[in-house]
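What follows is one structure encoded as structure tokens, with my remarks underneath.
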Amino acid sequence: MTEATFAVLALLVLAWAVTSDLLARANITGPLVFTAAGFVLGNPDWGPLKVHVEAPSVHLLAELTLAMLLFSDASRVNLSGLKRDINLPVRLLGIGLPLSVIIGSLLAAWLFDDFTWALAGFVGATLAPTDAALSAQVVNDQRIPMRLRRALNVESGLNDGIVTPIVTFTLAVAAGQLGTAQEGDASTDGSGALLELAIGLGVGVVVGLGSGRLLTYGSRRDWVSTGAGRLGTFAGALSSFALAVALSGNGFIAAFVAGIAFRAGLDEDVIDADNVIELPELVGEILAFAVWFLFGAALVPFFVHNFDVPLLAYAVLSLTAVRMVPVALALLGKGLDSQTVLFVGWFGPRGLASVVFALLAIEELGENEVVERAVAAVALTVLLSVVLHGISAGPLGRRYVRLEQAEDSPGPGPRSRRSPHHHLNSDLR
């Protein structure tokens, strides 16, 4: 990116910060604003700003963004606090997510007959993880039962880390199938990808657990000055990613595992976990705006140039049947009514992780016709999600609350599940 692009991005962040609540009341999300700005200002056909998707800086920015968000999402999940309602997120992650990957992959192989099985698997895995940022109005609406908000938030926080090994594996195999693997690349039968995952796992455990315990040790002895804990946490998140990459491992897995291990290594009687995690989370959010700008500038034109009926059909089905059917199967036997199952199924927006995975595909597989079509399928699905989920979050959340309250009111007394809840973040931590 040029200096002009960086300056425009900084001004856009400032403008969004000033108007963020006003835009939220109009159901306009940050990702939608920055995607539109990127498409208008950075479009290769007419935009005044130059953005080159092949540039190493673009890929580094995208990778760092995902690493920071993987770490912060994983470290935000307090597993001990989930024991009461852990069944819903476990079902969504253990049953719904794998089914979404499988169904999405089979659908891609059927609609796009020029895809190899690995490329179809890449598309299915890339579009399986959800992004709660696109439906923040839902997960922050205290009128919606906490168990549903917690399930959606935990699912979105962990599913991108869970599918990362699948994305890495399918990309490695697809590079061999398409003949785009470079000399010295990891083995194209996937064994090299498995080694990268193992290295990332080891680095994540060591760095994450070590960082948490070191900060706890220093805090217990009053060695840590005000604000230094946040810097230490950020350094731990960054070093987990960088060290794994330096050792030829998977930096995303390292960051994700490091987040979980970091939280486990903290003594929360000594140090405020939510406080020290704020810096990597904030950095990730700022970088995410830049990635959404890049998405609008570099990836949205892919589907514009490759648009056809199968592409649109895949995007629509990916946001509906590919998500809703697995969710319905995962929630069988949980005693949830149909409107609740549909509500959870619809609010599975595709977001930042899918964008970063698409950029990785361009980097690993190059730009040829079949790869561009795969990226176009991802880009169109994410764009529809940004628009539809962002706009519908507020209205559908309010409608769901009204329906639930109407269903509760005729009985002899109010149900206990309507008890007041604290703010989402404080409940989830």
| Arg213 atom CZ, neighbour heavy-atom count above 12 within 6.0 Å | no
| message | Tell me if the centroids of the rings in Phe241 and Phe71 come within less than 6.0 Å of each other. | response | no
Euclidean distance, [Y] [atom2] relative to [X] [atom1], rounded to 0.5 Å:
{"X": "Arg220", "Y": "Ile271", "atom1": "CZ", "atom2": "CD1", "result": "10.0 Å"}
{"X": "Glu372", "Y": "Ile362", "atom1": "CD", "atom2": "CD1", "result": "8.0 Å"}
{"X": "Leu11", "Y": "Phe6", "atom1": "CG", "atom2": "CZ", "result": "10.5 Å"}
{"X": "Ile260", "Y": "Leu70", "atom1": "CD1", "atom2": "CG", "result": "10.0 Å"}
{"X": "Leu312", "Y": "Phe303", "atom1": "CG", "atom2": "CZ", "result": "9.5 Å"}
{"X": "Thr233", "Y": "Leu266", "atom1": "OG1", "atom2": "CG", "result": "7.0 Å"}

| query | With Thr164, which of Ile166, Thr168, Val167 fulfils side chain to side chain contact (heavy atoms under 4.5 Å, CB included)? | reply | Thr168
Expected output: side-chain [X] to main-chain [Y] donor-acceptor under 3.5 Å:
{"X": "Thr35", "Y": "Leu32", "answer": "no"}
{"X": "Arg91", "Y": "Leu331", "answer": "no"}
{"X": "Tyr314", "Y": "Gly104", "answer": "yes"}

| field | Test log, rule side chain to side chain contact (heavy atoms under 4.5 Å, CB included), inputs Leu66 and Val355 | value | CA-CA 10 Å; Leu66 184 57; Val355 174; over 6 Å; no
Locate the shortest heavy-atom distance separating [X] from [Y]; write the atom from each residue and the value.
{"X": "Ala62", "Y": "Leu359", "value": "CB-CD1, 3.5 Å"}
{"X": "Asn159", "Y": "Ala128", "value": "ND2-O, 4.5 Å"}
{"X": "Pro44", "Y": "Ala297", "value": "CD-O, 3.4 Å"}
{"X": "Gly212", "Y": "Phe262", "value": "N-CD1, 3.5 Å"}
{"X": "Thr126", "Y": "Pro129", "value": "O-CD, 3.4 Å"}
{"X": "Ser240", "Y": "Ala255", "value": "OG-CA, 3.6 Å"}

Are [X] and [Y] close enough that some pair of their side-chain heavy atoms sits under 4.5 Å apart?
{"X": "Phe293", "Y": "Leu49", "value": "yes"}
{"X": "Asp131", "Y": "Ser156", "value": "no"}
{"X": "Trp292", "Y": "Leu12", "value": "no"}
{"X": "Val344", "Y": "Arg323", "value": "yes"}
{"X": "Leu319", "Y": "Leu127", "value": "no"}
{"X": "Ser318", "Y": "Leu107", "value": "no"}
{"X": "Leu158", "Y": "Leu97", "value": "no"}
{"X": "Thr130", "Y": "His389", "value": "no"}

| task | Consider only side-chain N and O atoms of Thr216 and Ser219, and report whether a donor and an acceptor are under 3.5 Å apart. | result | no
| query | Can you say whether the rings of Tyr400 and Phe343 are parallel (under 30°), tilted (30 to 60°) or perpendicular (over 60°)? | reply | parallel
| task | Return the orientation label for the Phe34 and Phe289 ring planes: parallel under 30°, perpendicular over 60°, tilted otherwise. | result | parallel
| request: Start with the C-alpha gap between Phe112 and Val123, add the side-chain angles, then the distance that decides, and say whether side chain to side chain contact (heavy atoms under 4.5 Å, CB included) holds. | output: CA-CA 11 Å; Phe112 310 117; Val123 172; 5.7 Å; no
| side chain to side chain contact (heavy atoms under 4.5 Å, CB included) between Lys334 and Thr340: does it pass, once the steps are laid out? | CA-CA 11 Å; Lys334 295 307 299 175; Thr340 298; over 6 Å; no
| Working for side chain to side chain contact (heavy atoms under 4.5 Å, CB included), residues Leu384 and Arg350 | CA-CA 9 Å; Leu384 287 179; Arg350 311 315 196 273; over 6 Å; no
| Asp274 with Arg263: basic N within carboxylate O range, under 4.0 Å | yes
